Amino acid sequence: MQPNIYSEGAQQASLSRDQIQAGWGRGDGAGARIRVLNEAFRLYHRYRNRIERLARRDWGTSWAMLRELEDAGDTGWDSGVQDLDDAFQHLIKNSGQWTDQSSRAYWGLNEPSVYRVQVLDAPAAAANFLAAVNGKLKRLGDLAAEFRYTAQALLDPDVKLRKLRDIVNRAAALGWLAPAPPAQLTTPVSLMTG
């Protein structure tokens, strides 16, 4: 992705109805189409900042995560604004106004999904990003199932450990998709064990 205030997570992109000149921003269903674009922007910003916080502790894993997130942000083809990289550049070039007509359906009711809606004629950049993230979420679930199977099925401890490490490393690159951890306990440990 091209470095800019949105792709690097410094600012979350967001659009209101009056900033959109594209046809998909008017008429029946326009609110849902605008919401799907803003949700893609919100999720990208959230994931990008989650990865940035991790970078302070684990540079290698954060780079793997960033590659996966940017891969989702670069998912799109054809002319026009087809992915989030294009969308961020479009917003900067047009001083926060959206003029691109590119659209496609987003089928977010399929499992697993980070945004469970179905929107016809959604902005292509949002539909492509959300579909790509859903694919990565499915891959993370598949890795969890592979981990459980490997942990139960393999008897040789050395082979099992090697295979489990490989699965964990592949899953770590998708760690930005994990739900936020619960808040830290505020009760001192000594009180809990006494």
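Worth saying up front: this structure is predicted, and the values here are computed from it rather than measured.
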> Between Phe41 and Trp98, how do the two ring planes meet: parallel, tilted or perpendicular, split at 30° and 60°?
Replying inline: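 Tilted, since the angle between the ring planes falls between 30° and 60°.
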Taking C-beta and beyond as the side chain, do [X] and [Y] meet within less than 4.5 Å on heavy atoms?
X: Ser113; Y: Leu137; value: no
X: Phe129; Y: Val114; value: no
X: Asn94; Y: Thr99; value: yes

Rounded to the nearest 0.5 Å, what separates atom [atom1] in [X] from atom [atom2] in [Y]?
X: Asn4; Y: Leu91; atom1: CG; atom2: CG; result: 9.0 Å
X: Leu177; Y: Met65; atom1: CG; atom2: CE; result: 9.0 Å
X: Glu111; Y: Asn134; atom1: CD; atom2: CG; result: 9.5 Å
X: Phe147; Y: Arg165; atom1: CZ; atom2: CZ; result: 11.5 Å
X: His90; Y: Asp100; atom1: NE2; atom2: CG; result: 5.5 Å
X: Ser14; Y: Arg42; atom1: OG; atom2: CZ; result: 11.5 Å

>> salt bridge (Lys or Arg N to Asp or Glu O under 4.0 Å), that's the test. Do Arg170 and Asp166 meet it? Break it down for me.
In response: CA-CA 6 Å; Arg170 288 185 284 148; Asp166 175 61; 3.1 Å; yes
Give every donor-acceptor pair under 3.5 Å between a side-chain atom in residues 77-84 and any protein atom, sequence neighbours left out.
unit_1: Gln82; atom_1: NE2; unit_2: Ser79; atom_2: O; d: 3.0
unit_1: Gln82; atom_1: NE2; unit_2: Ser102; atom_2: OG; d: 3.2
unit_1: Asp83; atom_1: OD1; unit_2: Asp85; atom_2: N; d: 3.1
unit_1: Asp83; atom_1: OD1; unit_2: Asp86; atom_2: N; d: 2.7

> To which residues is Val159 joined in a hydrophobic cluster, defined by side-chain heavy-atom contacts under 4.5 Å among Ile, Leu, Val, Met, Phe, Trp and Tyr, whether direct or through other members?
Replying inline: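 Listed partners: Leu154.
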Flag yes if [X] and [Y] sit in one hydrophobic cluster, no otherwise; membership is Ile, Leu, Val, Met, Phe, Trp, Tyr, and two members link when side-chain heavy atoms are under 4.5 Å apart.
X: Trp63; Y: Trp176; value: yes
X: Leu143; Y: Val168; value: yes
X: Ile5; Y: Leu43; value: yes
X: Trp107; Y: Val117; value: no
X: Trp59; Y: Leu174; value: yes

Where do [X] and [Y] come nearest, in terms of heavy atoms and distance?
X: Asp158; Y: Asp156; result: N-OD1, 2.9 Å
X: Leu69; Y: Ile51; result: CD2-CD1, 3.8 Å
X: Gln21; Y: Arg26; result: O-NH1, 2.9 Å
X: Arg48; Y: Leu66; result: NE-CD1, 3.5 Å
X: Tyr44; Y: Tyr6; result: CE2-O, 3.5 Å
X: Leu120; Y: Ala105; result: CD2-CB, 4.0 Å

> Is Asp28 atom CG crowded by more than 12 heavy atoms from other residues, nucleotides or ligands, each under 6.0 Å away?
Replying inline: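 Atom CG in Asp28 is not crowded, with 12 or fewer foreign heavy atoms closer than 6.0 Å.
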>> Please determine whether the number of non-hydrogen atoms from other residues, nucleotides or ligands lying under 6.0 Å from atom NZ of Lys163 exceeds 12.
In response: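 Check fails, neighbour count at 12 or below.
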> Ignoring hydrogens and geometry, is there a side-chain-to-backbone donor-acceptor pair from Ser62 to Leu54 under 3.5 Å?
Replying inline: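 No; judged by distance alone, with no hydrogens or angles, the pair does not exist.
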> Any donor-acceptor pair under 3.5 Å linking the side chain of Lys160 with the backbone of Leu155?
Replying inline: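 Answer holds: no.
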> Which one of His45, Arg46, Glu52 satisfies the side chain to side chain donor-acceptor pair (under 3.5 Å) criterion with Asn49?
Replying inline: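 Among the candidates, only His45 passes.
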> Is the closest basic N to carboxylate O distance between Lys138 and Asp142 below 4.0 Å?
Replying inline: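 Salt bridge between Lys138 and Asp142, a charged N being under 4.0 Å from a carboxylate O: yes.
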>> Using a strict threshold of under 4.0 Å (side-chain N to carboxylate O), is an ion pair present between Arg35 and Glu39?
In response: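 Salt bridge: no.
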